[in-house]
Visitor: 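Please read through the structure below; I'll follow up with questions.
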Amino acid sequence: MNWKTVALSACTLVVLASCAKSPTGRSQLQLYSSSELNKMGAASYEEMREEQKINDDAEVNAYVRCVSDALIENLPGNYSQMDWQVTVFAEPTVNAFALPGGYIGVYDGLIEVAENQHQLAAVIGHEIGHVIAEHSNERISSNMMVGLGLQLGGILASTQLDNDKAGLLMAALGVGAQVGILLPYSRTHESESDELGMEYMADAGFKLEEAPELWRNMQSASDGESPPELLSTHPNPQTRIKDLEALIPSLQERYSAARAAGKTPACQRPASVGSSDK
């Protein structure tokens, strides 16, 4: 493939790209339809269920489902009407995920670290935020555009420069793409999902102040070694805690309205996984 073909492909994708806006008003590059992303989400979810051990403890599943349902009932648009599937994985990993199409996965390790329903809601709400903001679409679309750019750069380098200079240019392109485009996108997604997750917590009546507490727990559970924020796909824990605390005052009215409307989640964390709910 010559450089003109690659350039034409890139230009065509830019023209066809959806001029989308995220729920917070940020411009997004989206090259895929929602139905395509939903199929990818379904395939990934089934693959994970086949490859990983599933926790079949009834109390644990009821707890995670209770927290998830409380959030789902208050999601915007059609997301509250979707048939969300929830799986608890019997793995010590401190993690959770949500996938396009309405799929949620929570790991045993997270249930141990999240001390109560509110902290668990902070993570699940955050993961749902990724889905509603269509971060998967944006991420895949960005990767595609970076790939085309690197391919075009490689063709130009090989035709216009000697071998030594071409190698240096391609090395610079690789680092520039990774640090300058892909990782900042991920940090933007994480921060945006934190904000959306807090909104969903407020609307469902979960205690907002427990979100930063969760990340303090996360930090305590880690090995204390974190990469520099510039080279990390996630915000620095201290930055994250500070940003979450800054969001609380602006959402207090929504939280109070939800409570006044009778939205008082009462999802009981099983005694088998630690302390009782706050």
Side-chain angles (χ1 to χ4, degrees), residues 37-75 79-132 135-136 190 193-194 196-198 200-201 204-207 210-223 233-234 237 240 264-278:
L37 266 294
N38 290 348
K39 289 179 182 177
M40 293 182 197
S44 297
Y45 186 68
E46 286 307 312
E47 182 177 347
M48 295 178 79
R49 283 179 55 85
E50 290 174 4
E51 295 180 353
Q52 300 184 39
K53 185 178 179 181
I54 295 174
N55 185 333
D56 59 3
D57 184 284
E59 286 189 349
V60 172
N61 278 269
Y63 171 59
V64 175
R65 184 81 231 190
C66 177
V67 173
S68 300
D69 285 346
L71 291 164
I72 291 166
E73 288 173 8
N74 296 280
L75 295 179
Y79 290 100
S80 63
Q81 305 303 315
M82 289 173 58
D83 181 22
W84 290 80
Q85 297 185 41
V86 181
T87 297
V88 180
F89 293 96
E91 301 284 350
T93 307
V94 183
N95 204 4
F97 66 82
L99 297 172
Y103 307 97
I104 294 170
V106 175
Y107 291 84
D108 280 352
L110 175 64
I111 302 171
E112 290 283 349
V113 172
E115 295 179 341
N116 53 61
Q117 61 171 345
H118 313 285
Q119 292 184 13
L120 183 59
V123 183
I124 296 176
H126 168 94
E127 297 302 330
I128 291 173
H130 281 305
V131 173
I132 293 180
H135 289 159
S136 295
E190 291 297 325
S193 288
D194 277 347
L196 294 173
M198 289 283 278
Y200 307 151
M201 285 182 71
F206 287 106
K207 295 178 181 178
E210 290 293 338
E213 284 302 314
L214 166 77
W215 286 101
R216 290 189 179 93
N217 294 347
M218 289 277 203
Q219 194 171 21
S220 297
S222 71
D223 57 10
T233 59
H234 289 63
R240 192 169 216 157
T264 54
C267 305
Q268 294 299 315
R269 184 172 183 255
S272 59
V273 294
S275 60
S276 60
D277 189 50
K278 294 180 183 178

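Heads up: numbering here begins at 1 and tracks the sequence.
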Visitor: Classify the side-chain pair H118/E213 by whether it contains a donor and acceptor separated by less than 3.5 Å.
Guide: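 No donor-acceptor contact under 3.5 Å links the two side chains.
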
Visitor: Identify all side-chain donor-acceptor contacts of residues 97-110 below 3.5 Å with residues at least two apart in sequence or on another chain.
Guide:
unit_1	atom_1	unit_2	atom_2	d
Y107	OH	Q52	OE1	3.2
Y107	OH	Q52	NE2	3.4
D108	OD1	N55	ND2	2.9
D108	OD2	N55	ND2	3.4

Visitor: So do F206 and L71 actually touch side chain to side chain, heavy atoms under 4.5 Å?
Guide: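 With C-beta onward as the side chain, the pair touches.
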
Visitor: Which heavy-atom pair separates E112 from V273 by the least distance, and what is that distance?
Guide: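 The answer is OE1-O, 3.2 Å.
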
Visitor: Going from CD on Q219 to CZ on R216, what distance comes out if it is rounded to the nearest 0.5 angstrom?
Guide: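 So the CD of Q219 and the CZ of R216 are separated by 9.0 Å.
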
Visitor: Restricting to non-hydrogen atoms, name the atom on Q119 and the atom on E115 that form the minimum distance, rounded to 0.1 Å.
Guide: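 Closest approach of Q119 to E115, heavy atoms only: OE1-N, 2.9 Å.
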
Visitor: Spell out, as yes or no, whether a donor-acceptor pair under 3.5 Å connects the side chain of R269 to the backbone of L120.
Guide: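 No, R269 side chain to L120 backbone: no donor-acceptor pair under 3.5 Å.
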
Visitor: What distance do C66 atom SG and Q268 atom CD have between them, rounded to the nearest 0.5 Å?
Guide: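 The SG atom of C66 sits 8.5 Å away from the CD atom of Q268.
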
Visitor: Rounded to the nearest 0.5 Å, what separation is found between the CD1 atom of I132 and the CD atom of E127?
Guide: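 These two atoms lie 12.0 Å from each other.
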
Visitor: Write down the atom of C267, the atom of Y63, and the distance for their closest heavy-atom approach.
Guide: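 So the two residues come closest at O-CE1, 3.6 Å.
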
Visitor: Do I72 and R65 make a side-chain contact, defined as non-hydrogen atoms from C-beta onward lying under 4.5 Å apart?
Guide: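 I72 reaches R65 side chain to side chain.
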
Visitor: With sequence neighbours left out, what residues match N61 under side-chain hydrogen bond (donor to acceptor under 3.5 Å, both in side chains)?
Guide: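 With neighbours one apart ignored, the set is empty.
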
Visitor: Could you check whether atom CD of E46 has more than 12 heavy atoms from other residues, nucleotides or ligands sitting under 6.0 Å from it?
Guide: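 Yes, CD of E46 has more than 12 neighbouring heavy atoms, counting only those of other groups under 6.0 Å.
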
Visitor: Please table the atom pairs, donor to acceptor, closer than 3.5 Å between any side-chain atom in residues 84-94 and protein atoms at least two apart or in another chain.
Guide:
unit_1	atom_1	unit_2	atom_2	d
W84	NE1	Y79	O	2.9
T87	OG1	Y45	OH	2.4
T87	OG1	R49	NH1	2.7

Visitor: Regarding E190 and R240, does a basic nitrogen lie under 4.0 Å from an acidic carboxylate oxygen?
Guide: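 Result for this pair is yes, salt bridge flagged.
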
Visitor: Identify the two heavy atoms, one from L196 and one from G129, that lie closest to each other, and give their separation to 0.1 Å.
Guide: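 What the structure gives for the nearest pair is CD1-O, 3.7 Å.
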
Visitor: Nearest 0.5 angstrom please: Q81 CD to E73 CD, how far?
Guide: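 Q81 atom CD to E73 atom CD measures 10.0 Å (nearest 0.5 Å).
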
Visitor: Side-chain donor-acceptor pair under 3.5 Å between S193 and H130, yes or no?
Guide: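 On atom types as modelled, these side chains qualify, holding a pair under 3.5 Å.
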
